[in-house]
Enquirer: 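Got a structure for you, written out below as structure tokens; questions coming shortly.
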Amino acid sequence: MRLLNRHPTRPTGILLAALPFVAVLIAYWIGSEIRLAANPQDKLLPAPETIMNTAGRLFTEPNKRTGEILLWADTFASLRRLAFGVGIGALISLTVGVGIGLLPYVRRGLSSFVAVLSMVPPLALLPILFIVFGLGETSKIVLIVIGITPFLIRDLSQRVLDIPHEEIVKAQTLGASTWVIALRVVLPQILPRLIAAIRLSLGAAWLFLIAAEAVAAEVGLGYRIFLVRRYLAMDIILTYVIWITLLAFLIDFALKTLSRKAFPWLGGGL
Amino acid sequence: MRLLNRHPTRPTGILLAALPFVAVLIAYWIGSEIRLAANPQDKLLPAPETIMNTAGRLFTEPNKRTGEILLWADTFASLRRLAFGVGIGALISLTVGVGIGLLPYVRRGLSSFVAVLSMVPPLALLPILFIVFGLGETSKIVLIVIGITPFLIRDLSQRVLDIPHEEIVKAQTLGASTWVIALRVVLPQILPRLIAAIRLSLGAAWLFLIAAEAVAAEVGLGYRIFLVRRYLAMDIILTYVIWITLLAFLIDFALKTLSRKAFPWLGGGL
Amino acid sequence: MSFVTVRDVFQEYDGRPIIERVNLDVAEGEFVSIVGASGCGKSTFLRLLLADETPTRGRITVDGGTPAREPGRERGVVFQKYSVFPHMTVRDNIVAAESFPKGWGWFRGAKLREARARADEVLERIGLAHVAKNYPSTLSGGMQQRLAIGQALHARPRILLLDEPFGALDPGTRLSMHEFLTQLRAETSMTVFMVTHDLGEGFKLGDRVLVFDKTRWDPDYPERYGATITYDFDARDHGIPYQHILDKIPSLAAASEPAPAPN
Amino acid sequence: MSFVTVRDVFQEYDGRPIIERVNLDVAEGEFVSIVGASGCGKSTFLRLLLADETPTRGRITVDGGTPAREPGRERGVVFQKYSVFPHMTVRDNIVAAESFPKGWGWFRGAKLREARARADEVLERIGLAHVAKNYPSTLSGGMQQRLAIGQALHARPRILLLDEPFGALDPGTRLSMHEFLTQLRAETSMTVFMVTHDLGEGFKLGDRVLVFDKTRWDPDYPERYGATITYDFDARDHGIPYQHILDKIPSLAAASEPAPAPN
Amino acid sequence: EQKTDFKLAWSIYAGWMPWGYLDSSGIMDKWAEKYGITVDIVQINDYVESINQYTAGGFDGVSATNMDTLSIPSGGGVDTTALIVGDYSDGNDAIISKKATSIEELKDTKVNLVELSVSHYLLARALDKAGLAEKDLAGVVNTSDADMIAAFATPEVETVVTWNPLVSEILDSNPDANKLFDSSQIPGEILDLMVVNTETLKDNPDFGKAVVGAWYEVMSKMAAGDEEALTAMAEAAGTDLEGYKAQLAATAMFYDPAKAVEQASSAEMPETMTTVANFLFDKGILGVDAPSADFVGVEYPDGKVTGDEANVKLRFDTTYMQMAADGAL
Ligand SMILES: Nc1ncnc2c1ncn2[C@@H]1O[C@H](COP(=O)(O)OP(=O)(O)OP(=O)(O)O)[C@@H](O)[C@H]1O
Ligand SMILES: Nc1ncnc2c1ncn2[C@@H]1O[C@H](COP(=O)(O)OP(=O)(O)OP(=O)(O)O)[C@@H](O)[C@H]1O
Ligand SMILES: [Mg+2]
Ligand SMILES: [Mg+2]
């Protein structure tokens, strides 16, 4: 039988899915053992149990001075920035995307500009950004917005253009104005796509967040990683990396679920 | 007439397209004038002509010590890294993507692993990367590969799954083995998608390149930007930013053209 | 007493003529079927009637008014696909025909309740009351087209334009849709233009059948000339004997297909 | 002397029965048309014949062999869509029928030239020689289906399976495809199974017409029971008078469509 | 112009940790209130970015080294005054090698460091003292300070130049690494300052008084070994009390304002600054338009000027530190 027609049984499937994770864990464990055997003080690949201990401590032990648990404070601060950045980016891109997709005038005026914008490396502009928006929360949020919005706009405006012309014509024959078409025909139909596009750009959003927090912040996941990187405290870094991965996964899952629940008319599509 | 039915005339259209670019230039020019009026030596927003002069110098004047023109050396080094990183990422993702999309066993084994991998923030793993791959070219290329491959794999494997089942069945009725199906039915059909996916992930690739070059390098566009940031030589930074934008644009255009030329069977699609 | 008047209409795309010198007078309440080979410009002509496009030359007027510049409520339309809004329930699709001309495209409170009640009546009449709360994607093709027609009619257009409305349906469904349309026609007295690929359908439903074809043909430059109305059949009393039309215009049968090479 | 033997075949999806207790004997060279309401499981049955799926229960054998576990060269197939490879030229699509069983799926040098020559012959016969170097996307729907059939036949299968092969074509093209298929049939003597929505087509082309329908029906749980072969008509000599079939099995006409509510 | 709200930026470094404590302990606020102003102290992780921000006008003052002050704000035309001379690096910056045992052995090898930083300067001085020049090396590789420890752990990196806490971190985890040279061999050349905009300071002497007053209150606490204050600083630096004390040991803090005044007025200062200016000019950091190394003028407490007298952009001013020393604040 051809390999492509062979389906694993249920238990085999679960085993297969677990395999790469287990392999990575074992590889790490071996690497860590080797390094620690050579130098028990090695910080690069701390033993798994060290990481577990550190993680336990980070998640539960409050800072003596301030009384708050740093990891949660960092998480909260970072998620807040992420939410604002992505939220503002989504709002801008919805407006501009619908404009570009629906109105020929706006399309002519903005589409090549957005195309060029999306090519500018935002990290290189960090100094200017910080000077224009200050070093507070604004500049971090703005970096996320600048980083993801051109992509979102291009994706959404393409989706607006993909809406069958027939639907737009139909709406016009029912007497809809441009405004009503944007609001009642186009907007609801690109909302699921907005969620999909946000899911795609969340990776970039995290990246920009971490980069911005590395430059100027007093709290935040990226800040903490940056701070302890100087001491090569890999147990803390790895805890944070795993935690960020988990958060990213949860956010992605939440968005996917939201999309399925909120848009029943998609009928399983997307 | 509804706004959505109004099309700008040709000259109006060109005017509209130029408008945002001109607006940005003027805004910059005014900002620069104001700052330079306050402090003629201000480095943050150099006058446009200063940038022009700097750019002219950067593109033509060889370095006194080494005799080579730094900008071209930087460009060459960065493009080389980019090409290797993207090329290796493309090869890996083609193989793995076809595997995941075509073979149920591989799909069960790898798809959730890749999904988790794509959530890991690569920048936070830089220290481990350096130790494993050294500080040379390898680690920079590997950062690009790690940064873009999970996305490429997910995109490509989805495209493989999107190939109509009918085509796969048809190939089987013509006697094709799994290998032949992968090679002659699936691969050629996802190549255009590979190019599209690469175009989408080039922004991220640049980002990772710049980040890697900021950490350790002797030459490269990102290296230079971070180096001259030490004395706030915004004229050089802006020249480099514009140059990177231009390069990104050219690469994107080249890939688009390649896709159109190399895959005539798409018939205008994509 | 011509209601829809088409005068010397030409349409070109990128300098390529598609439709040439079309003249037509249609009385109010007439049902006009349009047939022709694939790609000859039937849909284009419908778009011109719809005012979705403006003809390169010539003018199309309704009831002696000025030519429309964009689609509006006086012209209803049903396409082969994409004629209903996928993100609205069946009932909301009907309500949309009332609420879209309003400022925000929405009804609220009492108005919404009234509009919904009227929509339910419409659904009852078109036999979709039992799926009022479903989304179109859960409906069969025939039900979707029925909804599209119901929606178009609920806006009370003076002209109804149909572009192969039953083209994607299977023969059984098609027959039942014919019945449905005939029934609706009996209740209102709209002017209808219907493009179809199926000659039988055209003659069965239409009062007139227009045939679009090229009158001039340059074998070296097949795209040099556009199509125009070459025949205008009276199709009342089922247009018997329409079967002979194929003998007169063989291109209708071959449609998009070149004849198989002799071997 | 049964060639294709179907014995007590059941098929379920997620515990939902689609096909129940199907038994069938088909002689070599027979042309079997399959009709039935939309969604009753015709395509599913064809997939079982194709060995693209394995029946939940029962067995399907060809020429007394063991049941196939996956599609192979002995069964050719043409679907309504996606039956040709879009990334290969028309000629390469035919060559693929020869080269795919080879290790790398490629021919080179002299072998390639020979295969191409043979492919050109096939193209000549199916009337596509003039577009040998085109890509399928530039072909009309009818030409694509003709290519799909030519490609399937070039692999010399013992059984040909057709799933609504002409479903997406307009009536004129459809007629010419009927002719084409009849002609090809005359040349080879394959066993053919064809699913169609068009009763007339089924009777015109088939030697036998199988009707799939549910024999049991629970109004509260419409999905409780599956379909099976309820009629097996002899359709030789054009199966006259097939028109009465609609009186016997009205569900064929209504197809996917619920009857319009009376008003 | 006269104003009442001021902003200072600082970044994490052993000698600058008091700035964070100044802010969190409320000492700054107390002094600011005394003079009827507010001073906002902002921590910035990226040192270069903090100076850039100051240069661009985002802050009224910033913690910086003498070298970076000369190159970025002063070189950028922002007239800057060194308000506080906090310390000089007394071993905080070091050249560490895995193989080489002397500077001479660095010949034809690569050195990893943050280019154009004080590390680079330290290397240049070390090479100079050994009779070598940078071109005798196989090259310098720009390496981010945040990744210096990881870099040193990779096989191809042989020599790094960096600062604390990275120096102690590297020496601790690599017992066989050799410290070839450190800043204690060039005492007083790498100064850690708090620099402020000259014009702002001139128009708002209260700003200078409040900041200097607050700073020396914390200095006295540190000098007295106040555990609470030192622990807070240690934590902010991401280390513990022991670790921080070790870092301070390699920092010649001027706990006593009089010592700071003495350093700023010392006779070596013009010489040091000239060396620094030459280094900067040599590296092209003073800008392409800079005609020579002495294109920026530096003024010393006694009114002496090195460099271009018409373009004085960096001023060492001991007025306020003297006030602190005199207890006049
Ligand atoms: N917007 C457009 N721009 C350029 N060419 C167009 C456009 N719309 C239609 N055409 C061309 O005009 C010709 C007629 O198209 P049209 O859709 O009106 O044909 P049709 O008679 O409706 O065909 P079919 O029966 O296949 O629907 C075609 O050759 C088509 O390619
Ligand atoms: N892979 C599958 N998984 C689950 N359900 C399926 C699958 N394939 C088909 N079905 C279900 O089986 C039923 C029969 O489908 P099938 O495609 O065989 O019908 P059909 O008779 O070919 O219909 P049509 O005339 O519309 O093509 C349908 O209800 C369909 O939803
Ligand atoms: Mg058409
Ligand atoms: Mg089917």
Side-chain angles (χ1 to χ4, degrees), chain A residues 2-8 12-14 16-17 19-21 24 44-45 102-105 108-113 115-116 118-125 127-128 131 147 151 168 172 177-178 181-182 200 203-204 206-207 210-211 222 225 229 232 234 237 240-241 244-246 248-249 252, chain B residues 2-8 12-14 16-17 19-21 44-45 102-105 108-113 115-116 118-128 131 151 168 172 177-178 181-182 200 203-204 206-207 210-211 214 222 225 229 232 234 237 240-241 244-246 248-249 252:
Chain A
R2 290 180 186 89
L3 200 53
L4 77 91
N5 287 325
R6 276 193 219 185
H7 292 261
T12 319
I14 293 169
L16 277 174
L19 206 64
F21 293 99
V24 165
L44 184 75
L45 301 181
L102 199 60
L103 307 178
Y105 269 86
R108 276 316 301 259
L110 287 184
S111 63
S112 37
F113 185 63
V116 170
S118 71
M119 302 286 168
V120 177
L123 280 190
L125 292 179
I128 300 186
I131 285 157
F151 166 75
I168 309 292
Q172 294 186 53
S177 62
T178 297
I181 291 176
L200 275 177
W206 275 106
L207 217 74
I210 292 177
I225 289 181
R229 210 161 105 192
L232 204 64
M234 287 307 294
I237 294 185
Y240 269 76
V241 167
I244 292 176
T245 306
L246 191 72
F249 212 79
D252 188 64
Chain B
R2 290 179 187 90
L3 200 52
L4 76 93
N5 286 326
R6 277 191 218 187
H7 292 262
T12 319
I14 293 169
L16 276 175
L19 206 64
F21 293 99
L44 185 75
L45 300 182
L102 199 60
L103 307 178
Y105 269 85
R108 275 316 299 261
L110 287 183
S111 63
S112 38
F113 186 63
V116 171
S118 70
M119 302 286 168
V120 177
L123 281 189
L125 292 179
L126 266 181
I128 298 187
I131 310 253
F151 166 76
I168 309 292
Q172 294 185 54
S177 63
T178 298
I181 291 176
L200 273 178
W206 275 105
L207 218 72
I210 292 177
I225 287 181
R229 205 168 65 106
L232 202 63
M234 287 307 294
I237 294 186
Y240 269 74
V241 167
I244 291 177
T245 305
L246 191 71
F249 212 80
D252 188 66

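In this text the structure is predicted, and so the values were computed from the model without any measurement. Below, chains carry the letters A, B, ... as their sequence lines are ordered, and counting in each starts from 1.
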Enquirer: In terms of heavy-atom proximity below 4.5 Å to chain B, should A:S112 be classed as side chain, backbone, both, or neither?
Expert: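 Looking at A:S112, backbone and side chain both touch chain B.
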Enquirer: Counting only non-hydrogen atoms closer than 4.5 Å, does B:A17 touch chain A with its backbone (N, CA, C, O), its side chain (CB onward), both, or neither?
Expert: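 Interface part for B:A17: both.
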Enquirer: For A:P20 versus B:G109, what's the shortest heavy-atom pair and its separation?
Expert: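 Looking at all heavy atoms of both residues, the closest pair is CG-O, 3.1 Å.
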Enquirer: Would you give the length of the straight line joining atom CZ of A:R2 to atom CG of B:L103, rounded to the nearest 0.5 angstrom?
Expert: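 With rounding to 0.5 Å, CZ (A:R2) is 12.5 Å from CG (B:L103).
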Enquirer: Would you give the length of the straight line joining atom CD1 of B:I181 to atom CG of A:L4, rounded to the nearest 0.5 angstrom?
Expert: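 Reported to 0.5 Å precision, the distance equals 4.5 Å.
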Enquirer: If we define contacts as heavy-atom pairs under 4.5 Å, which of B:I225, B:L45, B:V120, B:I14 has the most with chain A?
Expert: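 Sorted descending by pairs with chain A, the first entry is B:V120.
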Enquirer: Which region of A:Y240, side chain (C-beta onward) or backbone (N, CA, C, O), has a non-hydrogen atom less than 4.5 Å from a non-hydrogen atom of chain B, or is it both or neither?
Expert: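 Neither the backbone nor the side chain of A:Y240 comes within 4.5 Å of chain B.
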Enquirer: Mind listing the closest non-hydrogen atom pair of B:F21 and A:F113 along with its distance?
Expert: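 For B:F21 and A:F113, the tightest heavy-atom pair comes out as CZ-CA, 3.5 Å.
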Enquirer: Measuring from atom CG of B:N5 to atom OG1 of A:T178, what distance do you get when rounded to the nearest 0.5 angstrom?
Expert: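 Atom-to-atom, B:N5:CG and A:T178:OG1 are 7.0 Å apart.
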Enquirer: If you measure from OH on B:Y105 to CG on A:L16, what distance do you get to the nearest 0.5 Å?
Expert: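 Reported to 0.5 Å precision, the distance equals 7.5 Å.
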Enquirer: Considering only heavy atoms from C-beta outward, does the side chain of A:S177 approach that of B:L3 to under 4.5 Å?
Expert: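 A:S177 does not reach B:L3 side chain to side chain.
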Enquirer: With a 4.5 Å limit on heavy-atom distance, are the side chains of B:P121 and A:L207 in contact?
Expert: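 Contact flag for B:P121/A:L207 side chains = no.
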Enquirer: Report which part of A:T12 has an atom under 4.5 Å of a heavy atom belonging to chain B: side chain, backbone, both, or neither.
Expert: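 Side chain only.
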Enquirer: Return the option, out of B:D252, B:L123, B:V116, B:L19, with the maximum number of heavy-atom pairs under 4.5 Å with chain A.
Expert: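 Of the options given, most contacts go to B:V116.
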